Amino acid sequence: MTFIREKKINGKQYAYLVKTVYTKRGPRQKVAKYLGKIHEMQCQKVEGHTPKKVMESLLANLGFTKNRVWTKKEYSVSLVTGKVCYKNKKCVLKINHGYLWGSSIKQFLLPTRDPKELAENMLRVGIPFNEETYFHLVKNIEHLGG
Amino acid sequence: MRYLVLLLILPLVFAQACIEDTDCSDETGCYNGTCEPLCMDDSDCESATCDNYVCVPETNLTIDTEINLTSNTTLNNSNTSNITNNFSETRELENNFSITVNNIQTEIEMLTSNTEGLEARLDTIESKLTTMDSKLSSIDNEAELQALQTKVEEALSNIAALRTNVETTQTDIESVQVGLETTADTTSLTRILSIIAIIITLSLGISLYIFHHNGREEELDPEIVNYITGHIKQGNNYDKIKEHLLKAGWTKDQIDEAYKKVKTHNYHKYLKDNGRGHEVPSKAINHKKPVIIASASFLIIMIIIMFMGSTTGQAVYYTLDSSSTVSDYILAAYEGSGFTEMVSIYDVCIQFPTYTGEQVSKRFIRTETSYGVYDAATHCWERDTDSFSVMFESQEDFETMMEAIATGSPSTMASVANILNIIVLPSDYVAPGFYARKDYTKFCTSAYQFHSWISSNLGITYEELFPDCIE
């Protein structure tokens with residue numbers, strides 16, 4: 001099982017993907033990947049009937065504009081490659097206790113037929129949960145035949 | 001072969017033609033009229049070049065071949081074998097290129113992962129360097145260093161001054177110790193001298209008193225003597241004489257006193273007339289003087305009780321320096337002598353002329369919760385509402401008395417009080433005529449501590465001095 005862990009180094013927060021390994025001394029956390037510096041942002045509401053529209057709404061509400069990729073000052077987010085950068089260095093956007101980074105973006109954009117997994121993906125990526133959006137996304141799942 | 005050519009040409013044929021990004025799909029961007037995949041960095045592109053978020057197509061061997069092939073509009077048999085050879089060589093080159101690209105990609109991935117780790121470490125180092133820079137800049141600041149140096153020098157000089165002070169203090173302590181020893185000796189000497197002075201004074205006083213009063217007859221009103229004598233001769237008894245005199249306006253006490261004196265007078269006359277004059281007592285007994293002495297002693301003892309309390313027998317020696325104020329003297333006397341709960345509320349008015357001749361009046365007031373010395377609104381001799389009120393003839397007398405009280409020794413206090421000129425002023429407990437306007441029985445318990453001293457020093461018993469204390 002992997003999850004994100006924050007580390008504070010010299011007053012700055014960094015994100016690491018850690019996995020649990022079982023040793024003779026019991027379970028231990030092991031850093032699997034360095035994800036980059038954490039930048040916190042806040043978003044209150046999103047709209048959209050599909051995961052992609054919801055993600056675009058999230059970025060738009062965060063102040064990003066869509067060009068070839070989504071950009072905001074020196075931030076850039078690519079929904080195609082799933083890369084999130086600040087000053088051309090990869091980073092993680094912490095939104096509403098969720099983390100927006102490559103894997104979470106791709107996971108959310110991938111079609112799923114499990115409503116529970118959909119809700120988990122929403123929270124994982126930091127999308128503010130609201131009934132209406134979730135309802136539409138679940139309807140979309142039903143449409144997919146979930 | 002045609003299929004092969006077509007296969008190579010197909011990407012060019014089906015490549016999307018575009019002018020802007022909007023002409024391309026979401027996952028592609030317009031580059032030189034062609035929709036190319038979007039990217040964030042080179043690793044996103046197969047061609048390993050990402051420019052402005054779009055993968056830039058490189059001119060590779062395959063495309064060159066494709067171009068060559070497409071440009072050759074006419075193919076003939078003689079060229080076929082060359083083409084085939086070229087093609088096989090191209091394939092071989094392509095394979096080699098693919099392998100090379102794969103290797104490079106692998107290396108790039110490795111480098112990327114290494115770079116990520118290095119980035120994190122660099123961030124850490126950078127932040128540490130920033131911290132160190134700030135620290136260094138603060139240390140390197142020459143002005144601050146100078147200020148620091150000045151402070152250090154100042155601190156060193158302060159330490160030196162402190163050391164000097166400590167040495168001075170040690171010297172002072174030594175001199176104080178010597179002074180204390182001298183003072184103790186002086187105090188002992190003073191006490192002995194005081195006792196001698198008291199004895200001499202008392203002896204002189206008694207001698208003078210005896211000399212002054214020797215052989216003096218009591219003077220009686222001849223009218224009343226004749227009246228009482230006449231009635232006695234007529235055989236009237238005392239009750240009848242008394243009745244007549246009461247009707248004439250005499251008081252009962254006056255009549256009793258006169259009757260006693262007439263009896264004594266007549267008895268002495270009878271002795272003289274019958275040649276027994278030697279039997280007449282050499283001096284008459286003056287009852288007034290003991291009353292005055294007793295009342296003055298009563299006042300002194302009361303003040304001592306209030307200042308001293310229950311520390312009787314504890315020797316506390318105080319040396320008050322000349323800079324002490326009047327209030328300090330009074331407070332030192334009070335605090336040095338101790339504090340008792342037996343006498344909780346009172347006020348004493350103390351008046352004396354200062355060394356410059358100015359009259360000073362202070363009030364020592366004690367309540368159940370606090371005590372203190374205050375300036376009296378009017379001089380003690382202008383008031384009679386304090387518990388006790390005394391006036392010293394000089395500031396020296398006042399200071400001597402306060403120091404005596406501070407010793408905590410009742411005998412010292414009383415001895416000193418006897419030799420000093422203390423004037424008793426009217427107050428609640430010593431009103432004119434030496435009677436107490438207020439009930440003084442609350443002092444009885446404290447006063448009883450002096451009963452043996454009273455009898456041996458004043459020639460009067462505790463019960464006689466404090467008649468109201470007898471139950």
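None of these values were measured; they are calculated from a predicted model. Each chain gets a letter, A, B and so on, in the order its sequence line appears, and its residues count up from 1.
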So which of K37(A), K52(A), K12(A) has the biggest tally of heavy-atom pairs under 4.5 Å with chain B?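 Ranked by contacts with chain B, first place is K52(A).
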Tell me which of these, N67(A), V80(A), L35(A), V69(A), has more heavy-atom pairs under 4.5 Å with chain B than the rest.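 Most pairs with chain B among the choices: V69(A).
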Of all heavy-atom pairs between T81(A) and L38(B), which one has the smallest distance, and what is that distance?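 Here T81(A) and L38(B) meet closest at CG2-O, 4.1 Å.
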For the [atom1] atom on [X], are there more than 12 heavy atoms of other groups (residues, nucleotides or ligands in this structure) within a distance under 6.0 Å?
X	atom1	value
L110(A)	CG	yes
F129(A)	CZ	yes
R121(B)	CZ	no
N88(A)	CG	no

Quick check for you: to the nearest 0.5 Å, what is the distance between E27(B) atom CD and R68(A) atom CZ?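 CZ of R68(A) is found 15.5 Å from CD of E27(B).
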Say you draw a straight line from CG of N10(A) to CD of E126(B); how long is it, rounded to the nearest 0.5 Å?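 With rounding to 0.5 Å, CG (N10(A)) is 10.5 Å from CD (E126(B)).
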Within the structure provided, determine whether D123(B) and I9(A) are in side-chain contact (heavy-atom separation under 4.5 Å).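 No, their side chains stay 4.5 Å or more apart.
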Evaluate the side-chain proximity of T124(B) to Y14(A): yes if any heavy-atom separation is below 4.5 Å, no if none is.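 In short, these two side chains do not touch, never coming nearer than 4.5 Å.
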Pairing of E119(B) and K89(A) as salt bridge, 4.0 angstrom limit: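 A salt bridge is absent here (no side-chain N lies under 4.0 Å from a carboxylate O).
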Counterpart residues, salt bridge (Lys or Arg N to Asp or Glu O under 4.0 Å), relative to K83(A) (two or more places apart):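 Per chain and number, K83(A) pairs via salt bridge (Lys or Arg N to Asp or Glu O under 4.0 Å) with D41(B), D44(B).
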Salt bridge (Lys or Arg N to Asp or Glu O under 4.0 Å) partners of K33(A), counting only residues at least two apart: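 Expected list: none.
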